[in-house]
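Here is the structure we will look at, set down as structure tokens.
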Amino acid sequence: MTTTAPTKHRHVSEKANRFAESVIREMTREALRHGAVNLSQGFPDFPAPEEIKLAAAQAIHDDVNQYAITWGAKEFRDAIAEKTRWHLGLDVDPEREITVTCGSTEGMIAAMMACVDPGEEVVIFEPFYENYAPDAILSGATPRYVPLRPPDWSFDRDELRAAFGPRTKAVILCNPNNPTGKVFTRDEMEYVAGLCREFDALCFTDEIYEHIIYPRDDREVRHISMAQLEGMRERTVVVNSMSKTYSVTGWRVGYVLAPPHITGALRKVHDFLTVGAAAPLQRAGAFALRLPREYYERLQTDYLRRRDVLLPLLAEAGFRLFRPDGAYYVMTDIGAFGFKDDLEFTRHLIQEVGVACVPGSSFYSRPELGASQVRFCFCKKDETLAAAAERLAKLRRK
Ligand SMILES: Cc1ncc(COP(=O)(O)O)c(C=O)c1O
């Protein structure tokens with residue numbers, strides 16, 4: 001496992017030298033190398049929905065094989081607008097407020113490159129989805145990290161306020177959250193929104209897990225988009241994707257909703273970065289986004305079941321769990337096992353026990369903050385979770 005930045009070569013830019021390769025993606029390669037059950041990278045190992053695959057195959061067969069319009073095929077943008085209307089209650093103009101990108105990954109970096117100037121600050125809640133730190137470096141932004149603290153991953157309002165200032169250009173929100181599974185409450189979001197308005201800051205919100213939410217007995221858990229809050233529509237950039245909702249992470253089709261002036265800038269950046277996302281998959285996307293609402297209900301029930309299979313197994317194996325309310329990950333504390341840190345533990349788990357997870361430090365700005373945590377995902381087949389259970393039974397405390 002190599003988790004340090006490469007040494008500087010004069011052919012390599014300062015920017016590229018300031019971050020390492022993705023640890024999450026590296027864990028998948030490590031899992032393959034050691035034959036470990038892969039509960040690291042968040043992609044389903046079960047088949048994508050049959051009707052969506054057929055729509056993609058049909059699109060290729062129908063010769064939708066050349067460049068789509070750079071900011072997205074009209075039929076797909078129309079479907080995105082329709083879905084945004086019923087799901088979020090927002091009227092988004094497909095001609096001026098939607099950009100189709102190569103996954104939400106491109107959506108986020110393109111949005112940041114379109115909006116942020118070098119030296120401006122971006123507030124990031126940590127632990128964070130690891131892409132946001134390189135996104136900040138590549139767009140020239142200076143990150144200001146604000147902790148989310150377990151067990152419920154809440155933030156301290158004064159700490160958040162102190163991170164905002166005259167140089168703040170934006171805050172990045174990931175809701176439902178990867179890696180913690182936190183679903184921000186309306187109250188928390190109102191507070192973030194208030195700071196954005198007060199400091200004239202944008203909100204880049206990554207909502208790719210919007211449909212993966214788990215009910216709780218003690219309070220309502222609901223996905224609220226930052227764009228739905230009063231006065232936020234004109235300062236919010238919603239990043240979304242087909243990857244998680246339709247179980248097609250390899251398609252690389254995402255989209256961004258943003259007010260027209262931001263969309264204009266974003267479309268230029270997007271055009272010169274990638275020209276556009278795969279045309280036949282956008283046609284299939286238009287089909288997928290018009291699936292009936294039962295599709296989304298089934299998706300939730302299905303992930304709830306998978307969550308409730310994995311969590312007890314981990315608890316039994318000795319992990320302390322931070323129960324997720326959304327997304328398909330669980331952050332855990334590994335203090336009980338007596339390892340030096342999360343890297344040593346992860347190495348042991350992959351190589352000796354045969355289960356891959358992601359070391360917690362990859363979600364923090366400073367490795368020591370995540371040294372006692374690892375993340376598991378549960379977007380996996382029953383057989384995969386059962387195989388993990390069998391292996392985890394071998395895990396011993398030191
Ligand atoms: C929070 C978050 N954002 C973005 C991505 C990447 O999404 P995409 O496949 O749309 O690029 C992931 C993938 O795990 C994620 O967890």
Side-chain angles (χ1 to χ4, degrees), residues 21-28 31 38-45 48 52 72 76 80 98-113 122 124-136 138 148 153 171-184 203-213 223 225-226 237-257 266 270 273-274 276-278 281-282 284-285 288-289 303 307 324-331 356-358 360 362-364 375-380:
E21 263 182 42
S22 157
V23 178
I24 299 178
R25 270 80 83 185
E26 185 192 349
M27 287 309 111
T28 285
N38 189 3
L39 302 187
S40 61
Q41 193 179 357
F43 61 86
D45 67 348
I52 299 179
F76 187 36
I80 294 167
I98 298 176
T99 308
V100 175
T101 54
C102 298
S104 63
T105 300
E106 193 225 336
M108 182 61 85
I109 181 88
M112 288 182 67
M113 290 176 89
V122 173
I124 302 177
F125 288 103
E126 77 174 338
F128 52 85
Y129 174 56
E130 63 170 356
N131 281 33
Y132 305 151
D135 287 349
L138 292 171
L148 295 173
W153 305 102
V171 56
I172 298 181
L173 196 72
C174 178
N175 184 37
N177 189 262
N178 174 11
T180 64
K182 177 182 176 66
V183 177
F184 285 74
C203 179
F204 299 122
T205 165
D206 181 337
E207 302 186 1
I208 72 166
Y209 297 103
E210 63 181 343
H211 288 288
I212 306 177
I213 300 263
H223 171 67
S225 172
M226 189 52 98
V237 177
V238 182
V239 175
N240 211 326
S241 170
M242 291 188 68
S243 287
K244 312 291 176 172
T245 303
Y246 305 100
S247 303
V248 288
T249 59
W251 281 18
R252 317 306 308 128
V253 178
Y255 55 91
V256 181
L257 315 177
L266 175 75
H270 157 73
L273 277 178
T274 65
L281 304 184
Q282 294 190 49
L289 268 72
Y303 276 125
R307 183 195 71 165
D325 290 332
Y328 47 48
Y329 307 97
V330 56
M331 273 292 248
C357 60
V358 179
S362 60
F363 303 107
Y364 289 88
R375 187 200 77 177
F376 291 89
C377 69
F378 49 84
C379 45
K380 302 295 173 188

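Values reported hereafter were calculated over all heavy atoms of this structure, with side chains retained and with hydrogens, waters and symmetry mates removed. Counting starts at 1 for both ligands and their atoms, following the listed order.
Ring pair Tyr129/Tyr329: centre-to-centre distance not below 6.0 Å. Taking the six-membered ring wherever Trp is involved, the centroid distance between the rings of Tyr303 and Tyr209 does not fall below 6.0 Å.
Annotation: atom 13 (C) of ligand 1 to nearest protein heavy atom, Lys244 NZ, 3.0 Å. What sits closest to atom 6 (C) of ligand 1 on the protein, heavy atoms only, is Thr105 OG1, 3.4 Å. For atom 7 (O) of ligand 1, the nearest protein heavy atom (residue, atom name, distance) is Ser104 OG, 3.0 Å.
Remark: ligand 1 atoms within the under-4.0 Å shell around heavy atoms of Tyr329 are 14 (O), 16 (O). If you number the atoms of ligand 1 from 1 as listed, the ones under 4.0 Å from a heavy atom of Cys174 come out as 1 (C). Here is the list of ligand 1 atoms found below 4.0 Å of a heavy atom in Ser241: 8 (P), 10 (O). Which parts of ligand 1 touch Tyr209 is read off a 4.0 Å heavy-atom cut-off, strictly below it: atoms 1 (C), 13 (C), 14 (O), 15 (C), 16 (O). Close contacts between ligand 1 and Asp206 involve ligand atoms 1 (C), 2 (C), 3 (N), 4 (C) [criterion: under 4.0 Å to a heavy atom]. Of all the atoms in ligand 1, the ones that sit under 4.0 Å from a non-hydrogen atom of Ser243 are 8 (P), 9 (O), 10 (O). Of all atoms in ligand 1, listed by their number and element, those nearer than 4.0 Å to a heavy atom of Asn178 are 1 (C), 15 (C), 16 (O). Those atoms of ligand 1 with a heavy atom of Gly103 less than 4.0 angstrom away are 10 (O), 11 (O).
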For Glu210 and Thr245, what are the C-alpha separation, side-chain angles and deciding distance, and is it a side chain to side chain donor-acceptor pair (under 3.5 Å)? CA-CA 8 Å; Glu210 63 181 343; Thr245 303; 4.8 Å; no

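Contact between Phe43 and ligand 1 is absent, with no heavy atom of the residue lying under 4.0 Å from the ligand. For Gly254, the heavy-atom gap to ligand 1 stays at 4.0 angstrom or more.
At a heavy-atom cutoff of 4.0 Å, ligand 1 is contacted by no atom of Glu106, backbone or side chain. Residue contacts with ligand 1 for Arg252 involve side-chain atoms from C-beta outward but no N, CA, C or O (heavy atoms, distance under 4.0 Å). Contact annotation for Ile208 and ligand 1: only side-chain heavy atoms (C-beta onward) come within less than 4.0 Å of the ligand. Contacts with ligand 1 closer than 4.0 Å are made by no heavy atom of Tyr328, backbone or side chain.
Rounding to the nearest 0.5 Å places CE of Met112 at 12.5 Å from CG of Leu266. One distance of note links CD of Gln41 with OG1 of Thr249; it measures 7.5 Å at 0.5 Å rounding. Taking CG from Asn131 and CD1 from Ile109, the interatomic distance works out to 8.5 Å, rounded to the nearest 0.5 Å. Of the inter-residue distances, the one linking Arg375 atom CZ with Ile24 atom CD1 reads 4.5 Å to the nearest 0.5 angstrom.
Proximity of a side-chain donor or acceptor of Glu106 to a complementary backbone N or O of Thr274 within less than 3.5 Å is not detected. Glu207 places no side-chain N or O within donor-acceptor distance of the main-chain N or O of Val238, the cut-off being under 3.5 Å. Distance alone, capped at 3.5 Å, places no donor-acceptor pair between the His223 side chain and the His211 backbone.
Here the shortest heavy-atom pairing between Ala277 and Thr101 reads CB-O, 3.6 Å.
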